[in-house]
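As structure tokens, the structure follows; a few thoughts come after it.
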Amino acid sequence: MDIDVTREVLETLHRLAAAAHPHECCGLLLGAPGSPRAGEGRESIVAVQESANVDPDPAIRFAIDPLILLEAHKAARTGGPPVLGYYHSHPTGKPAPSVTDCEHSTGDCRIWAIVAGGDVAFWRDRGNGFDPLAFQEV
């Protein structure tokens, strides 16, 4: 299934990746309030929630601040934007899941956006890896 992504989100992802370089940036992909949850119907990414990369080695890995994640899920339960997935950058790699990314695949069907080399690619977490997603800029 394809997804929709706003131009503002794409521009923000590029800006955050450039600002974090040579470290990985990371954060959350958010839908519009009331839109389908991850994996349910056509999803539209309309915003990002930036997080500090709290991994001890942010040049080669990322970890989203657990407090940011918890607050976003709490907000979604009370009518805020649903958490559709996560984003991070690969400062020296490609916009495709790395071996480490695949090791962290959980099967939660969330979207992963990976920013690298001036491109953004979107992936669906399937538990044993990721499926590529086509996206339409809206």
Side chain to side chain contact (heavy atoms under 4.5 Å, CB included), that's the test. Do Ile114 and Asp101 meet it? Break it down for me. CA-CA 10 Å; Ile114 302 175; Asp101 293 337; 3.8 Å; yes
Give a yes or no answer on whether the side chain of Asp65 reaches the backbone of Ala52 with a donor-acceptor pair at less than 3.5 Å. no
Backbone N/O of Thr100 and side chain of His104: donor-acceptor pair under 3.5 Å: yes
Heavy-atom donor-acceptor pair, Ser89 side chain to Val115 backbone, under 3.5 Å: no
Value rounded to 0.5 Å, distance of CD in Glu43 from CG in Asp2: 11.0 Å
Ile3 reachable from Val46 in the ILVMFWY side-chain graph, under 4.5 Å edges: no
Find the distance between OG1 (Thr92) and CD1 (Ile60) and round it off to the nearest 0.5 Å. 9.5 Å
Any non-hydrogen side-chain atom of Leu10 less than 4.5 Å from a side-chain atom of Arg7? no
Is the shortest heavy-atom distance from the side chain of Val5 to the side chain of Val138 under 4.5 Å? no
Give the minimum heavy-atom separation between Asp125 and Gly107, together with the two atoms involved. OD1-N, 2.9 Å
Please report the closest heavy-atom contact between Ala116 and Gly93, naming both atoms and the distance. CB-O, 3.4 Å
Side-chain (Arg110) to main-chain (Val83) donor-acceptor, under 3.5 angstrom: yes
Which value, rounded to the nearest 0.5 Å, describes the distance between Ile68 atom CD1 and Leu28 atom CG? 7.5 Å
Once you round to the nearest 0.5 Å, how far does CG of Asp57 lie from CD of Glu24? 9.0 Å
Do Cys109 and Arg124 have side chains that approach each other closer than 4.5 Å (heavy atoms only, starting at C-beta)? yes
Any heavy-atom pair between the side chains of Tyr87 and Gln49 that's under 4.5 Å? no
Picking from Trp112, Tyr86, Phe135, what satisfies ring pair (Phe, Tyr, Trp, His ring centres under 6.0 Å) with Phe122? Phe135
Which residue is it: Leu13, Asp4, Ile111? I am looking for the one with a side-chain contact (heavy atoms from CB on, under 4.5 Å) to Ile45. Ile111
As an exercise, state the distance from CD of Gln136 to OG of Ser44, rounded to the nearest 0.5 Å. 9.5 Å
Using every non-hydrogen atom in the two residues, find where Val9 and Ala47 come nearest and quote the distance to one decimal. CG2-N, 3.4 Å
Audit row: Leu30, Val48, side chain to side chain contact (heavy atoms under 4.5 Å, CB included) steps and yes/no: CA-CA 6 Å; Leu30 304 175; Val48 301; over 6 Å; no
Under a 3.5 Å distance rule, please check whether Asn53 uses its side chain to pair with a backbone N or O of Ala63 as donor and acceptor. yes
Donor-acceptor check, side chain of Trp123 to backbone of Gly129, threshold 3.5 angstrom: yes or no? no
Provide the closest heavy-atom pair for Pro81 versus Gly31 in the form atom of the first, atom of the second, distance. CB-O, 2.9 Å
Do His23 and Pro91 touch side chain to side chain, with heavy atoms closer than 4.5 Å? no
